[in-house]
Amino acid sequence: MPQPPVIPVPPVLPDAPPARRACLFALAGRRFAVDVRSAREVVLFDEITAVPRAPRHVVGVANLRGTVMPIVDVRGLLGLPESRPGRSLRTLVVRAGAVQAAVVVDTVLGLEPFEDVLPTDSPTAAGVWGPRPLMAGWIQWAGQTLALLDVPKILAALATSTPAVAQEASA
């Protein structure tokens with residue numbers, strides 16, 4: 001009886017680092033990225049509750065599967081022209097530790113791999129606009145240099161301006 005042919009299995013490459021991925025989105029005509037480790041999900045909110053006397057960047061709150069989710073517009077924080085969002089909001093839920101918020105975005109461009117993060121003062125990005133104090137660095141995508149936002153810094157900046165925005169995530 002003939003033996004089945006032996007098919008060699010290619011060796012597994014040890015220490016091959018997996019490519020990092022970023023969630024890319026557009027806001028006020030600019031493209032940004034956040035590391036997927038800080039991005040939780042994209043949510044479309046139709047029912048939002050206004051928060052009386054809240055700062056301008058707090059759009060309101062909404063129920064996300066039993067968690068009261070603060071919805072924030074970070075345009076002003078990023079140095080972009082402010083715009084009051086409409087009734088239905090597309091958001092990117094971001095998290096740093098136990099603190100989370102739904103950030104209003106115009107559109108989500110997708111998840112993309114990236115290799116290196118260039119420092120904020122990189123000569124490669126000289127002359128490229130970006131909110132440098134709130135960035136982790138720059139990434140290259142489709143021939144463009146995009147600001148990789150530092151989610152913990154952004155959430156901390158929002159918490160400093162209003163404690164109601166950075167709420168503890170319920171378990």
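When reading the values below, keep in mind they use all heavy atoms of this one structure, side chains included, and skip hydrogens, waters and symmetry mates.
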Please report the closest heavy-atom contact between [X] and [Y], naming both atoms and the distance.
X    : Y    : value
G137 : V117 : CA-CG1, 3.7 Å
A39  : C23  : CB-CB, 4.2 Å
V68  : P70  : O-CD, 3.6 Å
R132 : T120 : NE-O, 3.4 Å
M69  : L64  : CE-CD2, 3.7 Å
G60  : I48  : CA-CG2, 3.9 Å

Once you round to the nearest 0.5 Å, how far does [atom1] of [X] lie from [atom2] of [Y]?
X    : Y    : atom1 : atom2 : result
L109 : F32  : CG    : CZ    : 11.5 Å
L118 : I139 : CG    : CD1   : 9.5 Å
R20  : D35  : CZ    : CG    : 5.0 Å
M135 : L78  : CE    : CG    : 10.5 Å
D46  : L89  : CG    : CG    : 8.5 Å

Run V74 and L134 through side chain to side chain contact (heavy atoms under 4.5 Å, CB included) and show every step you take. CA-CA 11 Å; V74 296; L134 298 173; over 6 Å; no

Hey, does the side chain of [X] reach the backbone of [Y] with a donor-acceptor pair shorter than 3.5 angstrom?
X    : Y    : result
W138 : L148 : no
R75  : L77  : no
T91  : V43  : yes
D106 : A28  : yes

Min side-chain heavy-atom separation Q100-V93 under 4.5 Å: yes

Tell me which one of L149, V34, V103 satisfies side-chain contact (heavy atoms from CB on, under 4.5 Å) with I154. L149

hydrophobic_cluster_shared for [Y] and [X], side chain cutoff 4.5 Å:
X    : Y    : answer
L27  : V128 : yes
V105 : L80  : yes
V108 : L24  : no

Evaluate the side chain to side chain contact (heavy atoms under 4.5 Å, CB included) criterion for residues F114 and L146: first the C-alpha distance (whole Å), next the side-chain angles of each, then the deciding distance (0.1 Å), finally the verdict. CA-CA 11 Å; F114 67 96; L146 302 182; over 6 Å; no

Does R31 form a side chain to side chain contact (heavy atoms under 4.5 Å, CB included) with W141? I'd like the steps, not just the answer. CA-CA 10 Å; R31 293 179 175 167; W141 173 73; 3.5 Å; yes

Greater than 12 external heavy atoms within 6.0 Å of R56's CZ: no

Check whether NZ of the Lys or CZ of the Arg R30 lies under 6.0 Å from the centre of the six-membered ring of W129 and within 45 degrees of that ring's axis. yes

Which is it for T145 and Q140 under the side chain to side chain contact (heavy atoms under 4.5 Å, CB included) test, yes or no, and what are the steps along the way? CA-CA 5 Å; T145 302; Q140 298 293 317; 2.9 Å; yes

